Peer 1: 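Provided herewith is a single structure, encoded as structure tokens, for subsequent inquiry.
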Number of protein chains: 2
Amino acid sequence: MSESSAPGSSGLRPTKQRLAVVETLDSADGFHSAQEIHELLGQRGETVGLATVYRTLQRLAEAGEIDMMRTEDGEAIYRRCSDTHHHHLVCRSCGRTVEVEGPAVERWTRSIAEQHGFADVSHTLEIFGTCPACR
Amino acid sequence: MSESSAPGSSGLRPTKQRLAVVETLDSADGFHSAQEIHELLGQRGETVGLATVYRTLQRLAEAGEIDMMRTEDGEAIYRRCSDTHHHHLVCRSCGRTVEVEGPAVERWTRSIAEQHGFADVSHTLEIFGTCPACR
DNA sequence: GTAAGTGCAAACGGTTTGCAGCCTC
DNA sequence: GAGGCTGCAAACCGTTTGCACTTAC
């Protein structure tokens, strides 16, 4: 197959803007909001419309190329999605986030879903608390 | 102390509106958005301003009398704290929802959080899949 | 050439806020 | 009586959308 094997073989056209967004997300660790990405692009000298940033991030997320989650106050934040599946332990007060894994949870969710006859199972899990520094 | 020992001794004045909100939340199972609560209040014949509903829910949440979490699309939803804690298994296609419980998960999240020194632990977990009818 | 992608600006929808009047303590 | 609480409407802010134009294939 002559299909591109490049990172992003998801049927999305590799336009200048799309690439710029991906690259920015790549070079920035952790989660960032659409507006942040837009600003970072500006700093890089790339001018990409805010609407385009929103659309691009959404499509990349749908395509499974990036992760999306919500901040405490409802903003969507994204990050490059390379790593293993894990969950977040978030401080309610300062927002500090720890990534945690739980193979047992993965198994449990799958088996519960299957018991009820559900297929194509996925799940989301977030843990909230007050971190040591904020107590 | 002559302090009220009524359910809700959180320093908030027990106004008609406040009580109506709490009562509505009591009688409605599960999570509901501010707008839903507002509508339910209307159906009950109570007229409470939308802004008041928002303010009330926020203060109740701050006071720890109700739980707040976010929907997939960033809306704030609230519920009375007392319900038994459970999770949802949701069909991606038709939206059918099954409530499931998992004591093991409860224990796991708590212990993970404590390992990281987090206090006041809570969590959210949702499982998505395709239900038998939709496969 | 055609469909997907883009930019702009206007529309949206949930949430917050300023302010004048009301009610609880 | 003083300060919290309420209602209304306007402001906010992140996000979405309509439309004419550009670009990748």
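Nothing here was measured: the structure is a model prediction, and the numbers come from that model. The figures here come from the full heavy-atom set of this structure, side chains too, leaving out hydrogens, waters and symmetry mates. Numbers restart at 1 for each chain; the letters A, B, ... are given by sequence-line order, proteins then strands.
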Peer 1: Is there any salt bridge (Lys or Arg N to Asp or Glu O under 4.0 Å) pair reaching into residues 37-57 of chain A, and which pairs are they, with sequence neighbours excluded?
Peer 2: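 For residues 37-57 of chain A, and leaving out neighbouring residues, the salt bridge (Lys or Arg N to Asp or Glu O under 4.0 Å) pairs sorted by first residue read A:Glu23-A:Arg44.
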Peer 1: With sequence neighbours left out, write down each residue that passes ring pair (Phe, Tyr, Trp, His ring centres under 6.0 Å) with B:His87, or none if nothing qualifies.
Peer 2: B:His85, B:His123
Peer 1: When you check the phosphate oxygens OP1 and OP2 of C:dT16, does a side-chain N or O of B:Tyr54 lie under 4.0 Å from one of them?
Peer 2: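 No, no such contact exists.
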Peer 1: Write out a two-atom table: protein N or O, nucleotide N or O from nucleotides 21-25 of chain C, distance below 3.5 Å.
Peer 2:
unit_1 : atom_1 : unit_2  : atom_2 : d
C:dT24 : O2     : B:Arg13 : NH1    : 3.2

Peer 1: Going by heavy atoms closer than 4.0 Å, what residues in residues 31-48 of chain A are next to DNA chain C?
Peer 2: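 Only A:Thr47, A:Val48 qualify.
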Peer 1: How close do A:Cys91 and A:Cys131 get, heavy atom to heavy atom, and via which atoms?
Peer 2: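 In this case the closest contact between A:Cys91 and A:Cys131 is SG-N, 3.3 Å.
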Peer 1: Using a 4.5 Å cut-off between side-chain heavy atoms of Ile, Leu, Val, Met, Phe, Trp and Tyr, which other residues end up in the same hydrophobic cluster as A:Leu40?
Peer 2: none
Peer 1: Could you list who else is in A:Ile127's hydrophobic cluster, with ILVMFWY side chains joined at under 4.5 Å, directly or through other members?
Peer 2: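 So far as hydrophobic clustering goes, A:Ile127 is joined with A:Leu89, A:Val98, A:Val100, A:Val105, A:Trp108, A:Ile112, A:Phe118, A:Val121, A:Leu125, B:Leu89, B:Val98, B:Val100, B:Val105, B:Trp108, B:Ile112, B:Phe118, B:Val121, B:Leu125, B:Ile127.
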Peer 1: A:His88: which residues meet the ring pair (Phe, Tyr, Trp, His ring centres under 6.0 Å) condition with it, sequence neighbours left out?
Peer 2: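 Testing A:His88 for ring pair (Phe, Tyr, Trp, His ring centres under 6.0 Å), a comparison that skips the adjacent residues, returns A:Phe31, A:His86.
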Peer 1: What pairs of residues pass the salt bridge (Lys or Arg N to Asp or Glu O under 4.0 Å) test when at least one of them lies in residues 110-121 of chain A, not counting sequence neighbours?
Peer 2: none
Peer 1: B:Gln58: which residues meet the side-chain contact (heavy atoms from CB on, under 4.5 Å) condition with it, sequence neighbours left out?
Peer 2: B:Tyr78
Peer 1: Taking five pairs at each end of the helix from C:dG1-D:dC25 to C:dC25-D:dG1, what angle separates the two helix axes (nearest 10°)?
Peer 2: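 Overall, the helix from C:dG1-D:dC25 to C:dC25-D:dG1 bends by 40° from one end axis to the other.
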Peer 1: Would you grab the first and last nucleotide of DNA chain D (5' to 3') that comes under 4.0 Å of any non-hydrogen atom in chain A?
Peer 2: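 Endpoints of the contacted stretch of DNA chain D: D:dG14 to D:dC25.
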Peer 1: Name all residues meeting the ring pair (Phe, Tyr, Trp, His ring centres under 6.0 Å) criterion together with A:Tyr54; count only those two or more places apart in sequence or in a different chain, and write none if there are none.
Peer 2: none
Peer 1: Write down the distance between CD (A:Glu75) and P (C:dT15), rounded to a whole number of angstrom.
Peer 2: 14 Å
